[in-house]
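Bear in mind the structure is a predicted one, so any value in this text is a computation, not a measurement. Residue numbers run from 1 in the order of the sequence given.
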Amino acid sequence: MKISFSEADEGFRRDVAGWLADNLRGEFEQLRFRGGPGDEHSFPEERKAWERKLAEGGWTCVGWAPEHGGRGLSISQQVIFHEEYARAGGPGRMGHIGEGLAGPTIAAFGTEEQKRRLLPGIVAGTEFWCQGYSEPGAGSDLANVKTRAVLENGQWRISGQKVWTSLAHESEWCFVIARTEAGSVGHKGLSFLLVPMDQPGITVRPIEQLTGTSEFNEVFFDEALTDANNILGAPGDGWKIAMALLGFERGVSTLGQQMLFQNELEEIIRIARDNGAARDPLLRQRIAEAWSGLRILRYNSLRMLSGAQDGSLRREAMIYKLCWANWHVELGKLAMDVLGPDAELLEGGPYELGRLQSMFLFSRSDTIYGGTNEIQRNIIAERALGMPREPRVRA
């Protein structure tokens with residue numbers, strides 16, 4: 001399947017752009033270009049209200065099947081929606097983990113009762129999710145999780161710690177990878193649990209970043225509870241489901257991410273023209289490389305989406321995280337060099353960063369979160385190229 005835009009698709013693009021122009025103003029005007037990576041702490045309540053506004057217009061979960069509350073849009077129309085949303089300065093989505101990760105996973109692996117109970121809140125923009133994967137000793141090595149869960153009296157009793165949990169303090173639910181088979185190691189004995197966050201057994205502690213913000217959290221589970229039926233698949237299916245979820249993460253929203261990158265690059269180019277940095281031939285060359293690199297990211301995304309007829313992505317999807325993370329780190333460096341001496345000056349006290357300063361600092365984590373570069377290369381080698389697995393030594 002080729003990604004191309006028909007005349008009807010372009011009409012749809014005008015509809016999306018028109019709705020955003022009509023609604024991303026008034027009380028929502030302040031949200032334009034806010035709430036993205038490194039800025040996720042901004043306007044949480046207002047962005048939740050925006051989620052409800054999107055839901056009223058039928059613009060949440062646009063790629064979901066109609067029986068799950070979505071619009072069932074084609075791949076090309078989903079691409080258009082994400083591109084136009086970013087182009088219009090749509091704020092970072094408070095519901096992106098539910099819509100992009102939890103929801104599709106529940107739809108794929110959940111029971112009919114789970115789908116009826118959990119999917120409508122995501123579609124309506126009234127229930128928000130966070131991801132309980134990484135732990136202090138199991139970041140990129142997800143199979144090393146130590147959080148455990150025991151089934152007692154019709155409930156899972158969960159103990160352990162998760163870390164780098166985005167927006168846990170704003171979420172009603174967390175999907176948690178926990179070890180449910182005593183003595184198990186590695187991929188075996190893991191289960192995928194759906195856990196309500198509002199309970200005494202859960203403590204959320206913010207982690208302050210270089211940007212001065214605290215969108216990430218540590219989450220402590222101290223005998224936290226969730227009902228026995230809040231498990232996706234069977235006990236022990238956690239690894240299979242966790243890996244399927246990561247496939248959803250490489251979907252059409254990648255095109256929206258690239259439009260956000262485009263917005264950042266355009267801001268850098270504007271500043272370079274205004275402050276004279278564009279006269280520097282080395283900076284001009286780096287700007288050109290950033291521009292061409294972003295086009296390559298787009299072409300590869302279209303290539304990987306062209307194999308998505310059955311819901312699975314082509315092998316090209318496995319290189320995407322490595323490519324965009326390295327590109328974005330270099331864009332952050334370029335932004336600081338274009339700003340010149342102004343890059344060292346705060347916009348206000350005590351620690352008020354400018355948009356590009358915040359982007360630069362946050363981009364330092366791009367090659368770490370979501371799987372380090374080293375782990376990404378292992379994934380490409382082992383899963384895409386079929387090379388022998390790296391030897392692993394476990395205590």
Side-chain angles (χ1 to χ4, degrees), residues 51 60-61 64-65 67-70 93-135 138 142 145-181 189-204 217-249:
E51 292 287 332
T60 60
C61 308
W64 290 18
E67 60 265 30
H68 298 143
R93 297 288 305 279
M94 291 291 289
H96 72 97
I97 294 177
E99 180 174 323
L101 300 180
T105 307
I106 293 168
F109 296 97
T111 65
E112 291 304 315
E113 186 276 333
Q114 288 170 334
K115 296 173 190 177
R116 288 193 301 270
R117 177 163 51 91
L118 297 170
L119 295 182
I122 299 174
V123 176
T126 56
E127 290 189 342
F128 301 97
W129 288 73
C130 59
Q131 176 171 304
Y133 272 25
S134 294
E135 298 182 4
L142 183 60
V145 298
K146 297 295 191 296
T147 296
R148 64 188 186 279
V150 178
L151 187 59
E152 296 179 353
N153 302 319
Q155 291 185 308
W156 293 100
R157 190 174 296 274
I158 307 163
S159 296
Q161 179 187 357
K162 298 294 180 178
V163 73
W164 311 122
T165 310
S166 297
L167 298 179
H169 58 300
E170 299 288 352
S171 299
E172 283 75 33
W173 288 89
C174 182
F175 51 89
V176 176
I177 299 297
R179 200 164 291 283
T180 54
E181 180 183 327
L190 300 175
S191 295
F192 195 103
L193 303 178
L194 312 175
V195 183
M197 293 292 289
D198 186 13
Q199 58 171 299
I202 295 180
T203 301
V204 177
N217 303 271
E218 297 176 285
V219 180
F220 298 86
F221 298 89
D222 183 12
E223 301 281 295
L225 300 174
T226 194
D227 289 342
N229 61 357
N230 283 337
I231 182 172
L232 283 193
D237 284 348
W239 181 259
K240 175 184 72 174
I241 296 172
M243 293 301 99
L245 180 144
L246 295 178
F248 297 127
E249 194 173 25

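Residues Ile202 and Val219 have side chains in contact (heavy-atom distance under 4.5 Å, counting atoms from C-beta outward). Side-chain contact between Thr203 and Asp222: absent, with no pair of heavy atoms (C-beta onward) separated by less than 4.5 Å. Between Trp129 and Leu118, the closest side-chain pair of non-hydrogen atoms falls below 4.5 Å. Side-chain contact check for Ser134 versus Val163: some heavy-atom pair is nearer than 4.5 Å. Between Glu170 and Phe128 the shortest side-chain heavy-atom distance does not fall below 4.5 Å.
Closest approach of Leu167 and Ser171 over heavy atoms only: O-OG, 2.7 Å. For the residue pair Thr147 and Ile177, the shortest heavy atom distance occurs at CB-O, 4.2 Å. Ala224 approaches Gly201 most closely through the heavy-atom pair CB-O, 3.7 Å. Shown here for Gly132 and Cys174, the closest heavy-atom pair between the two residues is N-SG, 3.5 Å. Residues Val123 and Gly69 share a closest heavy-atom pair of CG1-O, 3.5 Å. Between Val145 and Ala138 the shortest heavy-atom distance is N-CB, 3.7 Å.
In this structure, CG on Asn217 lies 5.5 Å from NE2 on His169, to the nearest 0.5 angstrom. The structure places CD of Glu51 at 13.0 Å from CD of Glu127, a figure rounded to the nearest 0.5 Å. Rounding to the nearest 0.5 angstrom, the gap separating the OG atom in Ser159 from the CZ atom in Phe220 is 13.0 Å. Taking CD of Gln155 as the reference point, atom CG of Asp227 lies at 5.5 Å (rounded to 0.5 Å). Separating the OG1 atom in Thr111 from the CD1 atom in Ile231 is a distance of 11.5 Å, to the nearest 0.5 Å.
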**Asked** Could you walk me through whether Leu151 and Thr180 pass the side chain to side chain contact (heavy atoms under 4.5 Å, CB included) check?
**Response** CA-CA 8 Å; Leu151 187 59; Thr180 54; over 6 Å; no
**Request:** Just do the salt bridge (charged side-chain N to carboxylate O under 4.0 Å, His left out) check on Lys115 and Glu112 with the steps written out, would you?
**Result:** CA-CA 5 Å; Lys115 296 173 190 177; Glu112 291 304 315; 3.2 Å; yes
**Prompt:** Under the side chain to side chain contact (heavy atoms under 4.5 Å, CB included) criterion, do Leu101 and Phe175 qualify, and how do the steps go?
**Reply:** CA-CA 10 Å; Leu101 300 180; Phe175 51 89; 4.2 Å; yes
**Message:** Please determine whether side chain to side chain contact (heavy atoms under 4.5 Å, CB included) holds for the pair Leu232 and Ile106, giving the CA-CA distance in whole Å, both sets of side-chain angles, and the decisive distance to 0.1 Å.
**Reply:** CA-CA 7 Å; Leu232 283 193; Ile106 293 168; 4.1 Å; yes
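With sequence neighbours excluded, the residues that form a side-chain hydrogen bond (donor to acceptor under 3.5 Å, both in side chains) with Asn230 are Arg117, Thr226. Judged as a salt bridge (Lys or Arg N to Asp or Glu O under 4.0 Å), and not counting sequence neighbours, Glu218 has no contacts. Residues meeting the side-chain hydrogen bond (donor to acceptor under 3.5 Å, both in side chains) test with His68, sequence neighbours left out: none.
Not one N or O on the side chain of Gln131 forms a donor-acceptor pair closer than 3.5 Å with the backbone of Ile97. Not one N or O on the side chain of Glu181 forms a donor-acceptor pair closer than 3.5 Å with the backbone of Ser191. A distance-only check finds no donor-acceptor pair linking the side chain of Trp156 to the backbone of Leu194 [under 3.5 Å]. Looking at Gln114, its side chain does come within 3.5 Å of a backbone N or O of Asn229 through a donor-acceptor pair.
Checked options Lys162, Gln161, Arg148, Arg157; the residue passing with Phe221 is Lys162 (criterion: side chain to side chain contact (heavy atoms under 4.5 Å, CB included)).
In this pair, Tyr133 and Phe192 present their aromatic rings perpendicular. The plane angle is above 60°, beyond the 30 to 60° band.
The pair Glu135-Lys146 does not meet the salt-bridge criterion, since no charged nitrogen lies less than 4.0 angstrom from a carboxylate oxygen.
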